[in-house]
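In what follows, a single structure is set out as structure tokens and then discussed.
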Amino acid sequence: MSLPCPPALVFRLLVVGLAALALGRPAQADPFDLYTNVALDKLVESKNVKEVKQLTPRLIIEHDRVLPGIASTFVVVKTNGGRYAKLLLHQAKQKIGADKTVPILLVERYVTYKDGEERTVLASGKDLSLYPGFRVSFDLGQVVPKALGGDVRFVVKGEKMYAEPVGKARLFLVTRALDLAPKKGGKFVMGEKVEPKHFNGSFKLYDDGRRSGSLKLKVDAEGNVSGAYYSDKDGSKYVVKGKVGSPAHAIEFRILFPRVEQTFKGLLFTGNGKAMAGTSRLVERETGFYAIREE
């Protein structure tokens, strides 16, 4: 495999990668982000949740701060469409006039995943206020009228108030977090010369300043590349195939999108192996990319 672009261009791309490293690594995912479809399925089947028919203010307060560093209450909804939605919520009040308030249920953040996908997002949002009588469809990601059903409704009857599931939806209050912290492995060590194994691992890929995502690479002893790319846009997963070649620190891989393939050709940093940079081609458009190793 030959180098795909002029040395001067590669040099400039490597400088961009180094500048990104100097500015610091991307912010790490918070505990809420770790609960993808697979984790939510495991959570609902565990003893770490309590299915509720009425989620009262008392339950909300008693089970807040379940997720480390997050003050809101963590709830999982099995929607009428059979999908998992995760949400952070808390009780609040809306001031009306000088001396009157109305209770609201504030959904601070929510994410609904596509059924059968690992982490592809169907709908998401934040700061969704449910006033008395309002209901929300997490399949649609919208507050909806009664005619459209919805998944969760906020009810206020005198001094009594609660959130309840609607139709076939189910509501799970998370009472204890799962241990989803990535397992610590050995520290990456480059070695004196580049080998195919040095491409193994997870990289944060930045493509032309337009797209980004997580790139998971696995390289066998013959230099064949396999893996996956997870888009930051919606979490969609795409197959990755490729080859490492000559010189030893060069790589070519393809991301297999549904109707098109995007080809990447780049070089791994030989000093520490913590980044790679090069060019990519999508249809007839050639642009630059860089990727930073996630340790």
Side-chain angles (χ1 to χ4, degrees), residues 1-22 24-26 28-29 36 38 118-119 181-208 211-232 235-258 260-283 285-295:
M1 184 178 70
S2 60
L3 188 64
C5 54
L9 175 58
V10 173
F11 176 77
R12 289 196 295 271
L13 291 169
L14 293 178
V15 171
V16 170
L18 282 171
L21 286 171
R25 294 186 178 280
Q28 297 297 309
T36 58
V38 175
E118 183 177 345
R119 62 178 80 176
K183 305 302 180 184
K184 292 184 178 180
K187 186 176 180 180
F188 177 81
V189 178
M190 186 63 184
E192 294 184 2
K193 64 177 182 177
V194 179
E195 301 176 39
K197 67 179 181 180
H198 292 140
F199 287 92
N200 285 324
S202 177
F203 294 82
K204 189 69 172 181
L205 175 67
Y206 297 91
D207 177 20
D208 193 35
R211 295 165 292 274
S212 65
S214 293
L215 179 67
K216 314 291 184 181
L217 298 180
K218 185 176 181 181
V219 186
D220 63 22
E222 286 72 43
N224 298 307
V225 177
S226 60
Y229 170 75
Y230 297 88
S231 170
D232 280 346
S236 293
K237 178 182 179 180
Y238 304 100
V239 172
V240 171
K241 294 183 178 180
K243 185 80 175 180
V244 298
S246 179
H249 60 294
I251 184 172
E252 179 176 336
F253 62 90
R254 295 169 290 129
I255 298 178
L256 310 183
F257 294 111
V260 68
E261 295 182 2
Q262 185 172 6
T263 302
F264 294 78
K265 299 180 180 181
L267 298 176
L268 184 70
F269 285 22
T270 59
N272 56 18
K274 291 187 176 182
M276 67 175 81
T279 62
S280 71
R281 178 174 288 276
L282 181 62
V283 189
R285 178 180 173 83
E286 188 171 49
T287 57
F289 83 92
Y290 67 93
I292 302 173
R293 187 181 297 275
E294 297 178 315
E295 293 186 280

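Numbers for residues simply follow the sequence, beginning at 1. Just the heavy atoms: all of them, side chains too, but no hydrogens, waters or symmetry mates, feed the values below.
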Apply side-chain contact (heavy atoms from CB on, under 4.5 Å) to residues K237 and Y229 and explain how you reach the verdict.
CA-CA 6 Å; K237 178 182 179 180; Y229 170 75; over 6 Å; no
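- Using a 4.5 Å heavy-atom threshold, the side chains of L217 and N200 count as separate.
- Between atom CE of residue M276 and atom CG of residue L267 there is a gap of 10.0 Å, rounded to the nearest 0.5 Å.
- Here the CG atom belonging to D207 is positioned 9.0 Å from the OG atom belonging to S212, to the nearest 0.5 angstrom.
- Judged by distance alone, the side chain of R211 and the main-chain N or O of Y206 form no donor-acceptor pair under 3.5 Å.
- A distance of 4.5 Å separates CD of Q262 from CG of L282, quoted to the nearest 0.5 Å.
- Contact of the E261 side chain with the I255 side chain is not registered, since no non-hydrogen atoms from C-beta on lie closer than 4.5 Å.
- Ion pairing between a basic and an acidic side chain is recognised when a charged N comes within 4.0 Å of a carboxylate O; K243 and E252 show no such pairing.
- Residues meeting the ring pair (Phe, Tyr, Trp, His ring centres under 6.0 Å) test with Y238, sequence neighbours left out: F257.
- Judged by distance alone, the side chain of D220 and the main-chain N or O of N224 form a donor-acceptor pair under 3.5 Å.
- For F253, the ring pair (Phe, Tyr, Trp, His ring centres under 6.0 Å) test picks out F264, with sequence neighbours left out.
- Here the closest non-hydrogen pair linking A228 and V240 is C-CG2, 3.6 Å.
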side-chain contact (heavy atoms from CB on, under 4.5 Å) for H249 and F269? Distances and angles first, verdict last.
CA-CA 7 Å; H249 60 294; F269 285 22; over 6 Å; no
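- At least one side-chain heavy atom of H198 sits under 4.5 Å from a side-chain heavy atom of L268.
- Note: S214 OG to R119 CZ = 6.5 Å, rounded to the nearest 0.5 Å.
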The test is side chain to side chain donor-acceptor pair (under 3.5 Å); show your working for T287 and S280 and say whether it passes.
CA-CA 5 Å; T287 57; S280 71; 3.0 Å; yes
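- The minimum heavy-atom distance between P196 and G223, with the atom names listed, is CB-CA, 4.3 Å.
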Where do K204 and D232 land on the side-chain contact (heavy atoms from CB on, under 4.5 Å) test, with the steps shown first?
CA-CA 10 Å; K204 189 69 172 181; D232 280 346; 2.6 Å; yes
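- Under the 4.5 Å side-chain criterion, counting only non-hydrogen atoms from C-beta, R293 is not in contact with S202.
- By the salt bridge (charged side-chain N to carboxylate O under 4.0 Å, His left out) test, K197 pairs with no residue at all, sequence neighbours left out.
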From CA spacing to verdict: side-chain contact (heavy atoms from CB on, under 4.5 Å), K241, L256:
CA-CA 8 Å; K241 294 183 178 180; L256 310 183; 4.3 Å; yes
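- For the pair K216/F203, no side-chain contact is recorded, criterion being any heavy-atom separation below 4.5 Å from C-beta on.
- Counting only heavy atoms from C-beta outward, the side chains of T263 and E286 never approach each other to under 4.5 Å.
- No side-chain heavy atom of D208 sits under 4.5 Å from any side-chain heavy atom of F289.
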